[in-house]
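Got a structure for you, written out below as structure tokens; questions coming shortly.
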Amino acid sequence: MSDTSSAALRSGRLAGKIAIVTGGAQGQGAEIARAYAAEGAQVVIADVAEAEGAALAEEIAAKHGPGVVHFTRHDVSDAASWTALVAEVAERFGPVSVLANNAGILRFGDIERMPAEEVELLWRVNQMGVFLGMQAVARTMRKNGGGSIINASSVEGLAGMPSCTAYAATKWAIRGMTKCAAMELGPRGIRVNSVHPGMIDTPMTRVHGGDAAMEFGASKVPLRRVGTPEDIAPVYVFLASDESSYINGAEIAVDGGVTSTHAFGA
Ligand code: NAD
């Protein structure tokens with residue numbers, strides 16, 4: 001039995017939307033989930049991090065009501081987990097209309113030393129995860145008049161970086177898959193776009209050097225600061241909303257201008 005009681009009373013730029021946010025337990029995904037709920041969507045936070053996901057769902061429910069949010073454990077690299085997730089969303093809220101395909105992992109490694117298992121793990125979570133997500137929601141969205149899929153790529157999907165070959169490969173793949181999916185799913189009313197964050201202050205980046213890494217990163221950005229999840233979430237809101245109704249197959253850099261330069265820029 002779907003819970004539409006509190007959704008019917010809600011307003012906002014995403015009123016009536018039913019959204020899945022993968023990797024929604026922390027970092028950028030958590031802020032996307034908060035922003036979606038604040039704009040009137042019903043949100044399913046899908047993540048392998050159970051304690052963080054459940055705590056965030058409680059936080060959002062306390063603010064917007066229990067019928068607005070749900071956390072479920074979900075592994076993006078597992079096709080069966082996707083099937084179960086889409087069915088659970090339909091049962092609880094109704095057919096999914098927005099997918100923030102945000103979950104991802106980061107591993108650095110030199111080409112000469114990086115173990116093949118690490119490369120494969122990146123590929124499974126980042127690249128296969130995004131593919132399986134698009135595959136899992138496409139039929140439901142098509143049958144229900146369309147939807148919006150937002151794929152998390154990176155500035156590493158726009159340019160290169162040493163010791164980042166395996167991660168960048170997945171993010172370039174996401175950029176490419178987004179273009180193909182936009183063409184294939186566009187005629188069915190489904191828009192597919194990619195977001196390319198620069199260096200964003202989240203657990204993913206903090207673990208690689210803390211404040212010192214943030215300061216170093218900031219010095220490389222024309223805006224002279226690293227980004228925050230609050231810089232990213234509004235772009236996900238816009239792409240989920242009908243305000244972006246003619247944007248399909250686009251790649252949107254949210255990077256403080258860091259990809260505006262060639263290597264000799266300051
Ligand atoms: P984060 O590590 O803070 O959060 C990622 C979330 O994904 C976590 O909650 C984690 O539990 C979840 N996750 C990991 N593996 C999963 C799996 N198999 N199934 C489901 N959930 C899983 O990272 P973030 O900075 O919030 O990154 C969000 C997205 O943005 C990622 O795709 C990342 O690659 C991308 N990105 C991040 C940055 C940055 O600087 N932080 C820059 C560019 C792109």
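Keep in mind it's a predicted model, so treat the numbers as computed, not measured. We count ligands from 1, going down the list as the structure has it; atoms in each ligand are counted the same way.
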message = Give me the nearest non-hydrogen protein atom to atom 23 (O) of ligand 1 as residue plus atom name, then the distance to 0.1 Å.
response = M204 CB, 3.3 Å

key: Proximal atoms of ligand 1 relative to A49 (non-hydrogen, under 4.0 Å)   =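 Atoms satisfying the 4.0 Å criterion: 11 (O).
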
inquiry  = With a heavy-atom distance limit of 4.0 Å, tell me whether A30 approaches ligand 1 through its side chain, its backbone, both, or neither.
reply    =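 Within the 4.0 Å criterion, A30 makes no contact with ligand 1.
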
query = Do any nitrogen or oxygen atoms of V76 lie less than 3.5 angstrom from nitrogen or oxygen atoms of ligand 1?
reply =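 Indeed, backbone or side chain, V76 has an N or O that close.
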
ask   = Does the pair D242/K17 count as a salt bridge with the N-to-O cut at 4.0 Å?
value = yes

note = ligand 1 atoms nearer than 4.0 angstrom to some heavy atom of A152 are 32 (O)

task = Take K179 and E251, measure what salt bridge (Lys or Arg N to Asp or Glu O under 4.0 Å) needs, and give me the verdict at the end.
result = CA-CA 9 Å; K179 308 287 185 209; E251 50 195 53; 2.7 Å; yes

ask   = Taking everything shown except E58 itself, do over 12 heavy atoms lie less than 6.0 Å from its CD?
value =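 Atom CD in E58 is not crowded, with 12 or fewer foreign heavy atoms closer than 6.0 Å.
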
inquiry  = When you compare the side chains of D231 and T228, does any donor N or O come within less than 3.5 Å of an acceptor on the partner?
reply    = yes

message = Taking V195's backbone N and O only, do any of them form a donor-acceptor pair with N151's side chain (distance below 3.5 Å, no angle check)?
response =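 Checking the backbone N and O of V195 against the side chain of N151, no donor-acceptor pair under 3.5 Å is found.
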
task = Enumerate the atoms of ligand 1 whose separation from the nearest heavy atom of T205 is less than 4.0 angstrom.
result = 39 (C), 40 (O), 41 (N)

inquiry  = Give me the nearest non-hydrogen protein atom to atom 40 (O) of ligand 1 as residue plus atom name, then the distance to 0.1 Å.
reply    = I200 N, 2.8 Å

message = Between Q28 and T202, do the side chains contain a donor N or O and an acceptor N or O under 3.5 Å apart?
response =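 Side-chain D/A pair, T202 to Q28: absent.
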
query = Where is the nearest protein heavy atom to atom 28 (C) of ligand 1: which residue, which atom, and how far?
reply =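 I find the closest protein heavy atom is N102 OD1, 3.2 Å.
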
note = Among non-hydrogen protein atoms, atom 20 (C) of ligand 1 lies closest to H74 O, 3.2 Å

Those atoms of ligand 1 less than 4.0 Å from some heavy atom in P203 =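 Checking each atom against P203, I get 3 (O).
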
key: Which of the ligand 1 atoms, numbered from 1, are nearer than 4.0 Å to a heavy atom of Q28   =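 Counting from 1, the qualifying ligand atoms are 24 (P), 25 (O), 26 (O), 27 (O), 28 (C), 30 (O), 36 (N), 37 (C), 38 (C), 39 (C), 41 (N).
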
request  = May I ask you to list the atoms of ligand 1 that are less than 4.0 angstrom from any heavy atom of T202?
outcome  =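 Once the distances to T202 are compared, the set is 3 (O), 23 (O), 24 (P), 25 (O), 26 (O), 41 (N).
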
ask   = Counting heavy atoms not belonging to F216, are there more than 12 under 6.0 Å from its CZ?
value = no

query = When Ile, Leu, Val, Met, Phe, Trp and Tyr are grouped by side-chain heavy atoms lying under 4.5 Å apart, directly or through other members, which residues fall in the same group as V258?
reply =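 Members alongside V258: V155, V221, L223.
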
ask   = Relative to ligand 1, is N126 under 4.0 angstrom through side chain, backbone, both or neither, heavy atoms considered?
value =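 It is neither; nothing of N126 touches ligand 1.
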
inquiry  = Whether the side chain of D110 engages the backbone of E112 through a donor-acceptor N/O pair (distance < 3.5 Å, no angle test) should be reported.
reply    =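 Side chain of D110 to backbone of E112, a donor-acceptor pair under 3.5 Å: no, none is there.
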
query = Ignoring hydrogens and geometry, is there a side-chain-to-backbone donor-acceptor pair from N101 to G133 under 3.5 Å?
reply = no

ask   = Is it the case that S81 and H74 place a side-chain donor and acceptor less than 3.5 Å from each other?
value = yes

task = May I ask you to identify the nearest protein heavy atom to atom 9 (O) of ligand 1, giving residue, atom name and distance to one decimal place in Å?
result =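 Of the protein heavy atoms, D47 OD2, 2.6 Å lies nearest.
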
ask   = What residue and heavy atom of the protein are closest to atom 16 (C) of ligand 1, and at what distance?
value =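 It is V48 CG2, 3.8 Å.
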
query = Hey, are R191 and S244 close enough side-chain-wise for a donor-acceptor pair under 3.5 Å?
reply = yes

ask   = Which protein heavy atom lies closest to atom 18 (N) of ligand 1, and at what distance to 0.1 Å?
value = D75 OD1, 2.9 Å

message = Below 4.0 Å from ligand 1: does a non-hydrogen atom of S153 turn up there or not?
response = yes

message = Does the residue I105 have a heavy-atom contact with ligand 1, meaning some pair of atoms that are separated by less than 4.0 Å?
response =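 Contact present.
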
inquiry  = I need the atoms of ligand 1 closer than 4.0 Å to a non-hydrogen atom of Y167, numbered in the order shown.
reply    =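 With Y167 as reference, the close atoms of ligand 1 come out as 33 (C), 34 (O), 35 (C), 36 (N), 44 (C).
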
request  = Find all atoms of ligand 1 within a distance of less than 4.0 Å from any non-hydrogen atom belonging to M199, and give their numbers and elements.
outcome  = 40 (O)

message = I want to know whether H70 and F93 have ring centres closer than 6.0 Å.
response = no

query = Would K171 count as a contact of ligand 1 if the rule is a heavy atom under 4.0 Å away?
reply = yes

message = Suppose we measure from atom 42 (C) of ligand 1 to each protein heavy atom; which comes out shortest, and what is that distance?
response =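 Of the protein heavy atoms, G198 O, 3.0 Å lies nearest.
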
